[in-house]
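These figures come from a predicted structure and were not determined experimentally.
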Amino acid sequence: MTSPINNLGVAGLAQTATRGPAQKLDDKERASLVARAPADDQVQVGEASRQAMLEPEFDRAKVEQIREQIQNGTYVIDPKRIADSFMALESMLGSSGRQES
């Protein structure tokens, strides 16, 4: 019987099971394992995943608006909003990361 995970038969599993994790395969053992590996392995990516990899999701109009405001010198930084965001992040992380004074 062949293992669906590594394509080793029972004898191959027994051989690798007796080898400790620190022991490495010699060239002959490695070549034997490679020869038994299926040659037709494929990875299929769905269309939605392919699109997500090609183009990240973000609001292009908002990015362009902010870019223009920065170039024009009209972009307003709201320190309270930044502080509120940091506080929300801190509360999500919990008190375990805070140091007592």
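- The CE atom of M87 sits 14.5 Å away from the CD1 atom of I82 when rounded to the nearest 0.5 Å.
- Using modelled atom types, one side-chain atom of E29 and one backbone atom of D26 make a donor-acceptor pair closer than 3.5 Å.
- In the displayed structure, F58 atom CZ is contacted under 6.0 Å by more than 12 heavy atoms of other residues, nucleotides or ligands.
- In this structure, CZ on R67 lies 10.0 Å from CZ on R60, to the nearest 0.5 angstrom.
- Side-chain contact between I77 and Y75 is present, with heavy atoms from C-beta onward closer than 4.5 Å.
- Between atom CD of residue Q69 and atom CD of residue Q71 there is a gap of 11.0 Å, rounded to the nearest 0.5 Å.
- From I66, atom CD1 reaches atom OG1 of T74 across 11.0 Å, with rounding to the nearest 0.5 Å.
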